[in-house]
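Basis for what follows: all heavy atoms, side chains included, without hydrogens, waters or symmetry-related copies. For clarity, every value in this text was computed on a predicted model and none was experimentally measured.
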Amino acid sequence: MATDEDLERRLRAIDGCGYPAYKSLKGSYDFGPFALSIDHVQGDPFAAPSQVSICVYAETAAFPPELFDASHRRVALEDLLLRRFAAEVARASYVVRGSGKSGLIATSVPGPEVFSRSACEVTADGAVIVRLEAGFPAHGRTIDARALDRMLFDLIPSCAERALVCDRAALASARAAADLADDRARARAELARRGLVAFVADGSILPRASGISCRPLEGAVPFESPQSLRVTLDLPHRGPTTGMGIPCGVTLVVGGGFHGKSTLLKALQEGVYDHVGGDGREFVITDATAVKVRSEDGRPVAGVDISPFITNLPDGSDTGRFSTLDASGSTSQAAATIEAIDAGARVLLIDEDTSATNFMVRDELMEAVVAADHEPITPFVERVRSLWEHQGVSCIIVVGSSGAFFPMADTVIQMDRYRAHDVTKRVREVCSERGVVPAATLDGGDVLVGGRGHAARIGAGRGGTGKPLKVRTQGLDGFSVGNGSVDLRRVEQLVDPEQVRALAQLMRVIIERRLADGTRSAQDVAASLLERVARRGWKEIAPRAEVPCGLALPRVQELWACIDRWRRDAGGI
C-alpha cells in the first residue's frame, strides 16, 4: 500500500493537467490511523462523482466488540456510524468549488429504516469502512490538485475522525443503538414463540407527517392496544413492553373511512424492517416474511400456477402454468399471492382498496346472475381459511365495504378515530343472528396454494464484451438491466431507493451468470444469491472490482418479486 506522502507527490505532479490525469491517483494510501482508497475516478468534472472509501483501523475506531459481535448489533452500529458520517460530510460538501461536481462530498443518507448498507461496514475485528462519492475539483477540465488535497487530507479525514472514532458521545449512542437492536431481536423471537404475526407497542406513533414524508405526524394519537389483545413482552433492556399482539390466523381490520385502517396496515407492512429510535414505529414488529399483496394491472407473469384461484379461462390459457405480458387485476393478484407464498411468506397483508374486487369476493346476487360454471375465478374469501389451516399462512386484511370475510376471521380489529378495538365477539354475534354459516363449513377445502415454486427463466446477458450490463434505476419505481426492465411501482414494501439499486445489481448478476436458466426455482436463485452476498460481502454484486456506496440489502421476497416481474424489452438483452 502506498503512503499519504505518495499521494501528495502524485497530486503535485498532476496539478494543472487535463482531467484524465486524475486516474493516476487510483489506489490505496496509508494515512496512519486509517487508509484512504480512491476506488474509481470520474471521467470529467460533470460526470458521476468519483468513488472513495476510508478504512478506520480497529485500534483507531476502538468500538467495544460487544457492540458488533452479533449480526443485529453490527448492523445497528453500522447504521449509527453512517448517520454520523453523513451529517459530517453534508457540512463539508462544496467547501471547495470548481466546475461541475467539484467539491462534492456525499454518502448514503438513511431514512428511518435500519438496513445493511454498502456505505458502511464494520469488519469482524472492528475496523470501520465507509464509502462516499467525491467530486474531484477542476476549473473547466483542468485539475485543481490543491483543492483535492484539501478534500483528501483535511475535509474527509476530519469527517471520519469526528464520526467514526469511539469517544464518549459515540459510545453512548452506539450502546443505545445496540440495546434497541437487542430489544427488537427479542421481540421478533417472541412473535413465533407466542403464536403472533405482529406486535404494535402501546404509545407507537403510526401516522406519518404526509404522504411523501417518513417523519411521525405531530399531534397524532398514540397507539393503544385493546385489552383483549394486549400482551407484554419482557425485553432485555426496555423491560416489560405492552402492546397489541395480532395472533396467527385470519385477521380483519375494519372501520369507517379515514379512521386509521390503512395507516395500521402500512405500519405493519413496514414492520418487517427495524426502525431507528424516535421514528415512532420502533416496536411495530411484523413477521419478517410478511408480503403486501395487491392487484397490478399490466404486469408480466411467467409460469405461475394460479389454478387455485383461476381456471377454465375462455381463451384456453393454461392457468397451471400461467404466463402473460399484460395481467388483469384478478390474474395479477392471483399470481402475486402464489409468488408471495412461494417466496416463503408466512403472512399476507391485503387492503381491499388496492385489490381486484372480483378476486376477493363474489356476492349472492352475482352468483344468481352469472352461474358458477361460467365464472373462472374462485374468490380469495373461499381460500383464506385453507391458507391458514392447511398451509400455515396467516392473513391480515383491511376491509371496509364487504362483510364477506367476517365468518372466516379469527380476529377482527376495528379502527375508530385511530383507536383499535377488538370486535371479534361482536362480529360472531352478528353472524349468528343473521344465520351466516361459520367459517369451518364455508372453507373451500384442502387446496394447495403456492409453496411449490416455479422456474426462474429470464434469459442471459450478452457475452464476449467483458463489461457488466448497463444498469439504470428510477428511484423506487424500478430499474433496467441491459434491454430488460422491472416495474416496482406496486411492490409497496420497498421504502428506500438504495434497495432498488441493490436489486438492480442482483438482477444484473443473475442475468450475466445465467443463474435463472429455468432449472431452479426463483426462490432458490434469490435465496442463494443473497446468501452469497451475506457471506462474501458486497463485492459479490459490485459492477466493478470496487464496491460503491448506495446499496441497501433487500429481502429475498423483493428479489423474488423482481425475478417474477422481469420484462424483456424489444431487442432482448
Side-chain angles (χ1 to χ4, degrees), residues 70-73 76 114 179-206 222-254 261 264-275 279-292 340-341 344-350 384-398 405 408-415 419-425 427-428 439 493 555 557:
S71 175
H72 64 275
R73 285 195 286 270
V114 178
D179 290 350
L180 182 56
D182 284 343
D183 285 343
R184 286 189 300 239
R186 174 69 63 82
R188 291 194 183 280
E190 285 290 291
L191 292 185
R193 192 180 74 82
R194 293 171 178 253
L196 303 175
V197 295
F199 173 80
V200 183
D202 289 336
S204 296
I205 302 299
L206 306 187
F223 186 84
E224 183 178 349
S225 56
Q227 185 62 42
S228 55
L229 296 176
R230 184 167 297 163
V231 298
T232 301
L233 306 184
D234 189 13
L235 305 181
H237 304 287
R238 199 171 190 256
T241 301
T242 62
M244 180 175 71
I246 299 179
C248 296
V250 180
T251 298
L252 304 183
V253 181
V254 303
K261 304 187 301 298
L264 173 60
L265 189 71
K266 184 172 177 60
L268 293 175
Q269 74 188 47
E270 295 182 7
V272 299
Y273 306 122
D274 290 341
H275 290 76
D279 173 69
R281 300 169 295 176
E282 300 94 316
F283 288 97
V284 178
I285 308 292
T286 308
D287 184 297
T289 69
V291 173
K292 172 70 185 303
I341 296 170
R346 295 185 294 266
V347 185
L348 302 181
L349 307 173
I350 302 172
V384 68
R385 291 301 310 174
S386 285
L387 280 173
W388 165 237
E389 293 176 358
H390 302 303
Q391 295 180 247
V393 177
S394 298
C395 292
I396 300 176
I397 309 171
V398 168
F405 283 91
M408 305 298 177
D410 298 297
T411 306
V412 184
I413 300 166
Q414 180 179 355
M415 296 301 296
R419 299 191 182 277
H421 304 272
D422 181 3
V423 295
T424 307
K425 181 178 179 181
V427 165
R428 290 175 179 167
Q493 284 170 287
R555 301 188 304 162
Q557 285 78 15

[X] vs [Y] side-chain heavy atoms within contact, under 4.5 Å:
| X | Y | result |
| --- | --- | --- |
| V254 | V427 | no |
| K292 | Q557 | no |
| T411 | L229 | yes |
| T251 | V197 | no |

How close do [X] and [Y] get, counting heavy atoms only, and between which atoms?
| X | Y | value |
| --- | --- | --- |
| S394 | G249 | OG-N, 2.9 Å |
| V291 | R555 | CG2-NH2, 4.2 Å |
| L206 | A267 | CD2-CB, 3.9 Å |
| C395 | V384 | SG-CG2, 3.9 Å |
| K266 | E270 | NZ-OE2, 2.9 Å |
| T286 | L191 | C-CD1, 3.9 Å |

Atom pair [atom1]/[atom2] of [X] and [Y] - distance to nearest 0.5 Å:
| X | Y | atom1 | atom2 | result |
| --- | --- | --- | --- | --- |
| D183 | E190 | CG | CD | 11.5 Å |
| I397 | L348 | CD1 | CG | 8.5 Å |
| F199 | L268 | CZ | CG | 12.0 Å |
| Q269 | I350 | CD | CD1 | 12.0 Å |
| R281 | F223 | CZ | CZ | 14.5 Å |
| D287 | I246 | CG | CD1 | 11.5 Å |

Under 3.5 Å: donor-acceptor pair, side chain of [X], backbone of [Y]:
| X | Y | result |
| --- | --- | --- |
| D202 | S225 | yes |
| T289 | A345 | no |
| T424 | V412 | yes |

### Query
What residues, two or more places apart in sequence or in another chain, satisfy side-chain hydrogen bond (donor to acceptor under 3.5 Å, both in side chains) together with R184?
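Here no residue qualifies.
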#### Entry: Check ion pair R385-D410 (N to O, under 4.0 angstrom)
yes
### Greater than 12 external heavy atoms within 6.0 Å of R188's CZ
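Atom CZ in R188 is packed in, count exceeds 12.
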Could you pull out all donor-acceptor pairs under 3.5 Å where a side-chain atom in residues 232-239 meets a protein atom, sequence neighbours excluded?
from	atom 1	to	atom 2	distance (Å)
H237	NE2	D179	OD1	3.4
H237	NE2	D182	OD2	3.0
R238	NH1	T241	OG1	3.2

### Task
Begin from the C-alpha positions of M244 and I413 and carry the test side-chain contact (heavy atoms from CB on, under 4.5 Å) through to its verdict.
CA-CA 10 Å; M244 180 175 71; I413 300 166; 3.8 Å; yes
### Residues that E282 engages under side-chain contact (heavy atoms from CB on, under 4.5 Å), provided they are two or more places apart
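side-chain contact (heavy atoms from CB on, under 4.5 Å) list for E282, sorted by chain: L180.
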